[in-house]
Amino acid sequence: ICDLHAVERVEFKDNPLVRPPASIARQGVPALRKHFQEIVTSGDLRTWAARLVLLGNADSGKTSLQRGLRRHLAGTKLLKTNVYEPTNHLQVESLPLGEGAKQVQLSIWDLSGHKDQASAVQQYIKEGSIYVLCVPAASLNVLNNATNDWVTRWLSYLSLKAPKAIVIPVLTKCDLVNAATKESLDRSPAHLETQASAQLAWLNERLDAFDAVQTQGGTQPPNVRIQRPVQCVASSAGGEPTMEAMKARLEEEILYAEDPKWLPQVGQLVSRDAYLTSVFIRALRDGREPIDSARAADIGYIPSTMSMEH
């Protein structure tokens with residue numbers, strides 16, 4: 001909006017507003033521009049963004065989880081899904097988390113779980129992100145026959161590529177754990193935890209074993225920080241209660257982190273040089289005069305701040 005100088009009126013439908021607040025947006029385009037001008041001239045430019053990386057073997061429910069979260073936060077019902085759609089290499093989506101001035105724009109990176117793409121996707125495993133390890137609530141035979149694929153290899157990647165990573169373990173497809181669960185209308189987290197108790201115990205045992213190895217029997221602090229408890233989710237129709245619980249869990253880990261150093265980029269002050277450089281590059285990308293755009297932003301004239309906040 002701030003870059004489109006000739007725009008006098010904008011209308012959106014079925015498009016949830018992220019920033020600025022709706023009370024300002026209702027006042028029209030001049031109020032929108034003034035809102036961002038005040039942010040720049042006050043010198044309080046901060047990054048409110050984080051990266052969430054979904055890890056897990058093929059068919060572990062990663063894509064269904066990110067789709068379910070996005071639909072739930074957009075206020076739409078979850079859909080019944082019966083078709084397996086594997087992720088090819090990488091899929092990136094966006095999700096607003098929290099409300100108000102400190103709302104975080106979450107970039108969700110859904111990595112392929114196929115072994116033949118393992119070397120390619122490992123380049124995206126880096127420090128400064130929060131990770132979700134997805135393991136399906138399959139039968140114990142299936143889980144035991146491929147423990148390395150479901151759990152071990154992903155934690156090993158993190159140990160090598162991001163040894164200080166934060167990991168939220170998630171048990172997916174909990175609504176499919178048995179015939180009774182499939183037919184039940186109860187999709188509350190507590191009910192699913194009861195139904196998938198055997199799978200939960202199995203996953204916790206594997207996580208305990210990994211922690212024991214990296215702490216050398218408890219004599220050293222862990223590097224990869226596995227955040228318990230394991231979250232149980234159902235990402236298809238009727239699973240809205242689990243999506244709400246997952247949303248609350250992400251807010252707890254990202255917005256109200258026990259240690260802000262875990263995700264230092266959230267709320268980090270952006271320097272004037274970095275801000276003006278981003279304005280210059282964005283104007284160059286859009287075919288506008290980059291130097292004039294940077295000068296205008298520097299004095300607070302119709303600044304271009306959305307890219308910095310997102």
Side-chain angles (χ1 to χ4, degrees), residues 52-73 77-82 84 95 97 106 108 110-111 113 130-144 146-147 149-152 154-155 158 165-211 224-256:
L52 177 74
V53 183
L54 302 180
L55 304 177
N57 199 44
D59 200 19
S60 62
K62 302 185 301 295
T63 302
S64 295
L65 175 59
Q66 60 93 352
R67 287 178 180 172
L69 276 171
R70 289 191 297 115
R71 290 189 67 85
H72 179 65
L73 266 69
K77 291 186 177 181
L78 304 187
L79 301 175
K80 185 176 181 179
T81 55
N82 294 319
Y84 171 54
L95 181 75
L97 195 65
L106 202 58
I108 304 179
D110 181 1
L111 305 188
I130 189 165
Y131 293 86
V132 170
L133 175 61
C134 297
V135 179
S139 69
L140 294 183
N141 284 337
V142 170
L143 295 175
N144 282 320
T147 299
D149 292 336
W150 298 121
V151 180
T152 311
W154 299 104
L155 295 177
L158 289 170
I166 309 162
V167 184
I168 301 175
V170 174
L171 194 65
T172 62
K173 305 183 182 183
C174 290
D175 53 329
L176 305 177
V177 70
N178 54 45
T181 308
K182 292 178 183 179
E183 297 176 0
S184 174
L185 297 178
D186 189 349
R187 294 286 191 272
S188 66
H191 176 73
L192 295 180
E193 287 173 11
T194 300
Q195 296 298 315
S197 58
Q199 287 80 359
L200 272 175
W202 180 90
L203 180 53
N204 276 308
E205 287 175 4
R206 300 309 177 277
L207 298 176
D208 289 341
F210 175 78
D211 275 342
V224 176
R225 288 161 288 193
I226 301 174
Q227 302 298 96
R228 312 285 184 102
V230 175
Q231 197 76 28
C232 288
V233 301
S235 305
S236 60
E240 286 83 2
T242 68
M243 292 297 100
E244 183 62 26
M246 187 68 196
K247 169 197 166 188
R249 180 74 179 275
L250 291 174
E251 289 178 345
E252 177 186 348
E253 300 292 350
I254 296 173
L255 303 182
Y256 314 109

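The first residue of the sequence shown is numbered 1, and numbering continues consecutively from there.
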With sequence neighbours excluded, what pairs up with Glu193 under the side-chain hydrogen bond (donor to acceptor under 3.5 Å, both in side chains) test?
-> none

d(Trp154 CH2, Asp149 CG) to nearest 0.5 Å is 9.0 Å

Which distance, rounded to the nearest 0.5 Å, do you find between the CG of Leu97 and the CG of Leu255?
-> 5.0 Å

Output all residues satisfying side-chain hydrogen bond (donor to acceptor under 3.5 Å, both in side chains) with Gln231, sequence neighbours left out; order by chain, then residue number.
-> Arg249

Measure from the side-chain N and O atoms of Arg225 to the backbone N and O of Ile166, and report whether any donor-acceptor pair falls under 3.5 Å.
-> no

List for me each residue that meets salt bridge (charged side-chain N to carboxylate O under 4.0 Å, His left out) alongside Arg206, sequence neighbours excluded, and say none if there are none.
-> none

Partners meeting side-chain hydrogen bond (donor to acceptor under 3.5 Å, both in side chains) with Arg187 (sequence neighbours left out) = none

Got a sec, which residues hit side chain to side chain contact (heavy atoms under 4.5 Å, CB included) with Thr194, two or more places apart in sequence or on another chain?
-> none

Quiz: residues 55-63 side-chain donor-acceptor pairs under 3.5 angstrom, not counting sequence neighbours:
{"unit_1": "Asn57", "atom_1": "OD1", "unit_2": "Arg153", "atom_2": "NH2", "d": "2.9"}
{"unit_1": "Asp59", "atom_1": "OD1", "unit_2": "Lys173", "atom_2": "NZ", "d": "2.8"}
{"unit_1": "Ser60", "atom_1": "OG", "unit_2": "Asn57", "atom_2": "O", "d": "2.7"}
{"unit_1": "Lys62", "atom_1": "NZ", "unit_2": "Gly56", "atom_2": "O", "d": "3.1"}
{"unit_1": "Lys62", "atom_1": "NZ", "unit_2": "Asn57", "atom_2": "O", "d": "3.3"}
{"unit_1": "Thr63", "atom_1": "OG1", "unit_2": "Thr87", "atom_2": "OG1", "d": "2.8"}
{"unit_1": "Thr63", "atom_1": "OG1", "unit_2": "Asp110", "atom_2": "OD2", "d": "2.5"}

Considering residues at least two apart in sequence or located in another chain, which fulfil the ring pair (Phe, Tyr, Trp, His ring centres under 6.0 Å) criterion with Trp150?
-> none

Rounded to the nearest 0.5 Å, what separation is found between the CD1 atom of Ile226 and the CG atom of Leu133?
-> 8.0 Å

Listed by chain and number, what are the side-chain hydrogen bond (donor to acceptor under 3.5 Å, both in side chains) partners of Glu205, not counting sequence neighbours?
-> none

Residue set satisfying side chain to side chain contact (heavy atoms under 4.5 Å, CB included) with Leu95, at least two apart, ordered chain then number -> Leu69, Arg70, Leu73, Leu106, Ile108

Could you verify whether a donor N or O on one side chain and an acceptor N or O on the other, from Asp186 and Ser188, lie under 3.5 Å apart?
-> yes

Salt bridge (Lys or Arg N to Asp or Glu O under 4.0 Å) pairs touching residues 228-242, sequence neighbours excluded, are Asp208-Arg228, Asp211-Arg228

Going through the checks in order, is the side-chain contact (heavy atoms from CB on, under 4.5 Å) test met by Val224 and Phe210?
-> CA-CA 10 Å; Val224 176; Phe210 175 78; 4.0 Å; yes

With Ser139 via side chain to side chain contact (heavy atoms under 4.5 Å, CB included) - residues at least two apart = Asn141, Val142

Taking Thr242 for the side chain and Ala234 for the main chain, is one N or O donor matched with an acceptor at less than 3.5 Å?
-> yes

